[in-house]
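One structure is given here, and the rest of the page talks about it.
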Amino acid sequence: MKVWICDLTYTQQSIASDTVPAAIGMIAEYLEKKIPEIPKTKLFKFPEDLSRELEEDQPDVIGFSSYVWSTSLSDMFMKRIKEVFPKIITVSGGPNFPSTKEEQFEYLKKKPWIDYYIVKEGEHAFFRLISELVNKSSVEIISDLPNLVFIKNGEFHCHKKIERVMNLEEIPSPYLSGRLDAFLDGKLLPIIQTTRGCPFSCTFCTEGQNYWSKVKTKPLEVVTGEISYISKKMNSLETHKKRTDFYIADSNFGMYKDDLDTCKVLAEEQRKTGYPKYISVTTGKNKQDRILEAAKIVNGAMRLHGSVQSLDPEVLKNISRSNISKEQIVDLALKSSEIGTNSVSEVILGLPGDSTKKHFDTLKTLVDSAFKSIVMYQLMILPGTEIGSKTTKEKYKIQTKFRIIPRCFGIFEVLGKKISVAEIEEICISSNTLSFEDYLKCREMNVIIQIFFNDGIFEEIIFLLRKFNISAWDWLSKIYENSRKTQFKKFNKLLQDFTIDSKKELWTNYEELRKFTYNPNNINKFIKGELGSNLILKYKSRSYTLDLENISNIAIFSAKQMLNERSINESELSEFIEDLINYKKCQVQKIFESISSVKRKFKFDIAKFISTKDAITGTINLKKFKYETDVILDFKLNEFQIKQMKFYRNLFGITLEGISRTLSRVHVGKFFRSSHDRNIIKN
């Protein structure tokens with residue numbers, strides 16, 4: 001029996017889900033371990049590869065993963081396969097599936113191209129299904145299999161039990177077997193998982209169910225082998241092709257003792273080979289001291305996540321996060337700053353009980369703490385979560401609309417037919433405590449935080465203001481207030497365009513939006529970036545490129561205004577603020593175009609201020625930083641920055657959408673130009 005397994009991603013704008021398909025690799029390894037006589041399982045990541053292979057050969061069974069970013073794409077392939085080869089058995093599996101039997105039945109009735117759906121964990125359940133299909137077992141036998149639901153002859157069959165692999169050592173590594181070598185080409189992000197499960201019961205998350213509450217750990221020797229293997233593969237690639245980042249897909253990395261051992265392995269690999277430079281993880285929600293220790297071990301290569309979602313007690317109670325210490329999470333930022341690693345917090349707009357005041361209060365606390373960045377999400381209604389249930393929606397009067405997920409759209413030729421397809425998500429746009437108008441106001445503040453607070457472009461001006469007892473939040477609020485003034489109409493245009501796009505992307509009727517995606521002309525608009533972008537990142541990209549002068553002007557004006565309101569209006573300080581913000585502007589100006597050099601005249605030695613500011617206590621003596629005469633600084637990218645930016649330009653492009661994709665993967669501060677004494681040219 002020939003088995004293929006697919007974890008597809010969209011590719012026509014950029015690679016939407018750009019991780020190595022390790023999850024289906026583990027399913028394939030487990031299957032062949034249990035049924036060694038079965039032919040080697042083929043894996044597919046890119047739709048174009050699957051389409052070509054289907055023209056030449058066909059499997060007996062084909063499996064597809066179902067995530068919010070791939071469900072429609074998988075459905076499209078299964079439907080077309082069934083039209084041409086009805087005898088091929090199709091299997092779907094993944095978290096994007098309802099949790100109640102009634103909803104599961106309705107789901108499968110609408111999708112007759114799915115023969116079997118595997119819920120929860122896939123390795124053991126998929127093996128059991130294939131084993132019975134090989135033996136041509138009866139419907140009665142198959143209906144008793146764990147984790148399996150399906151419709152046969154109009155009758156709904158549902159598993160009697162849901163099982164998990166209790167020992168992750170039972171699953172062979174798809175990296176160490178060489179199965180994933182074809183995907184370690186520098187285009188895809190290497191990903192491993194060292195633990196499975198999550199002890200928290202967040203109502204908005206698919207892992208918030210009891211099924212996932214017990215955490216299982218992969219043996220350290222396997223983790224060590226995988227890290228070494230991936231590093232060797234990445235370092236064997238040409239410089240302009242290799243990726244320097246690495247992804248650990250654990251839900252709470254750093255919270256367990258074994259995670260420290262993993263970090264020691266990573267640190268040793270960094271020492272020997274220089275890989276990885278960046279480690280993407282979701283760090284744990286508790287055990288902050290251990291998480292900080294983990295960050296120290298890997299030399300600050302991983303950002304620490306303080307995923308508060310909200311700091312309001314009522315909201316936290318509503319989403320079942322009472323076993324998470326918000327004080328520890330906020331304290332994490334301060335301690336991470338002390339050890340020199342970046343910290344990021346996460347907030348979700350529109351949670352049950354949320355309001356403009358509660359959302360702003362949460363943002364204020366995070367901005368005025370030591371977090372370096374805040375990721376602001378909207379509440380996505382995921383199938384299979386408590387928050388997505390009819391009961392919860394009615395209780396909080398949650399109103400939702402639909403939109404296309406960024407980058408998740410395309411036109412594909414499958415078995416002689418061109419098909420347009422896109423992924424649709426459902427998001428909360430109002431509730432009994434949050435009006436739609438308030439939702440839009442919160443979104444505008446979110447984009448201001450993204451532009452002026454995140455990634456450190458204005459880090460030094462925030463430091464300066466704090467020295468005068470002016471909070472970062474007050475400065476950001478002043479920018480929001482000033483954006484309505486006529487003199488900043490160009491910046492106001494940015495916010496207005498953002499709000500217009502925010503409204504335009506929302507659809508009231510799911511079926512109408514789905515019908516809209518069937519038209520290839522509409523999909524081409526998404527591919528060209530005319531529709532369907534990640535709006536916050538798109539407007540951040542626009543602010544750093546087309547609107548850099550405008551954001552610099554309002555930043556300078558608002559900072560001076562804050563000082564004037566406190567009767568601090570020294571002319572020298574005013575000049576220093578201008579130099580400080582213009583210095584940061586020169587660091588980021590045209591970096592995405594790889595313009596290697598930018599020159600500008602300065603009165604103050606801003607580089608000296610930046611390098612020594614952390615040692616400043618008490619009042620800042622500006623005379624220590626003033627040049628004897630004005631100088632012209634030459635800002636340059638170094639060789640590593642040029643090569644890395646070339647890599648990301650080739651990978652994602654330099655459209656606003658492409659730059660957005662780069663910003664979602666890389667801390668922009670890594671690409672700031674630097675100015676050294678040897679680059680100073682006196683007048």
Review point. Can Y583 and F635 be said to form a ring pair (Phe, Tyr, Trp, His ring centres under 6.0 Å), step by step?
Key: CA-CA 9 Å; Y583 184 94; F635 296 80; 4.9 Å; yes

Report yes or no: does [X] contribute a side-chain atom to a donor-acceptor pair with the main-chain N or O of [Y] at less than 3.5 Å?
| X | Y | result |
| --- | --- | --- |
| K358 | G353 | yes |
| S552 | L548 | yes |
| Y539 | I451 | no |
| Y275 | D245 | yes |
| S611 | A607 | yes |
| S228 | G225 | no |
| K187 | I15 | no |
| D605 | K608 | yes |
| Q641 | F672 | yes |
| R290 | M255 | yes |

Check your understanding: Any idea how F576 and F625 line up, ring-wise: parallel (<30°), tilted (30 to 60°), or perpendicular (>60°)?
Key ->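 Judged by the thresholds at 30° and 60°, the geometry between F576 and F625 is tilted.
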
Under a 3.5 Å cutoff, is there a donor and acceptor pairing between the side chains of [X] and [Y]?
| X | Y | value |
| --- | --- | --- |
| T262 | T194 | no |
| Q587 | K584 | yes |
| N482 | S558 | yes |
| D250 | Y256 | no |

Point to revise | Check: M445 and M376 side chains under 4.5 Å, non-hydrogen atoms | key: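 In short, these two side chains do not touch, never coming nearer than 4.5 Å.
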
Review point. Would a 4.5 Å heavy-atom cut-off, applied to side chains only, mark L494 and S543 as touching?
Key: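 Yes, at least one pair of side-chain atoms sits under 4.5 Å.
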
Would you mind checking if [Y] and [X] are paired as a salt bridge, meaning a charged N to carboxylate O distance below 4.0 Å?
| X | Y | answer |
| --- | --- | --- |
| K603 | E578 | no |
| D18 | R243 | yes |
| R303 | E346 | no |
| E268 | K264 | no |
| K490 | E549 | no |

Practice item. Find the distance between CZ (F453) and CD1 (I374) and round it off to the nearest 0.5 Å. Key: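 Result: 5.0 Å between the selected atoms.
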
Review point. Just wondering, more than 12 heavy atoms not from K218 lying within 6.0 Å of its NZ?
Key: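 Yes - once you tally the heavy atoms of other residues, nucleotides and ligands closer than 6.0 Å, there are more than 12.
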
Exercise for review: Taking atom NZ of K560 as the centre, report whether more than 12 heavy atoms of other residues, nucleotides or ligands fall under 6.0 Å from it.
Suggested key: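 Yes, the 6.0 Å shell around NZ holds more than 12 heavy atoms from other groups.
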
Check your understanding: Are the aromatic rings of F488 and F557 close, with centres under 6.0 Å apart?
Key ->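 They qualify: ring centres under 6.0 Å apart.
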
**Study point:** Residue pair R673 / C586: nearest heavy atoms and the distance that separates them
**Key:**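 Scanning both residues, the minimum pair turns out to be NH1-O, 3.3 Å.
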
Review point. P276 and F246: which non-hydrogen atoms are nearest, and at how many Å?
Key: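 Where P276 meets F246 most closely, the heavy atoms are CB-CB, 3.6 Å.
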
Point to revise | Verdict with reasoning, L363 to N446, per side chain to side chain contact (heavy atoms under 4.5 Å, CB included) | key: CA-CA 9 Å; L363 293 174; N446 290 167; 3.7 Å; yes

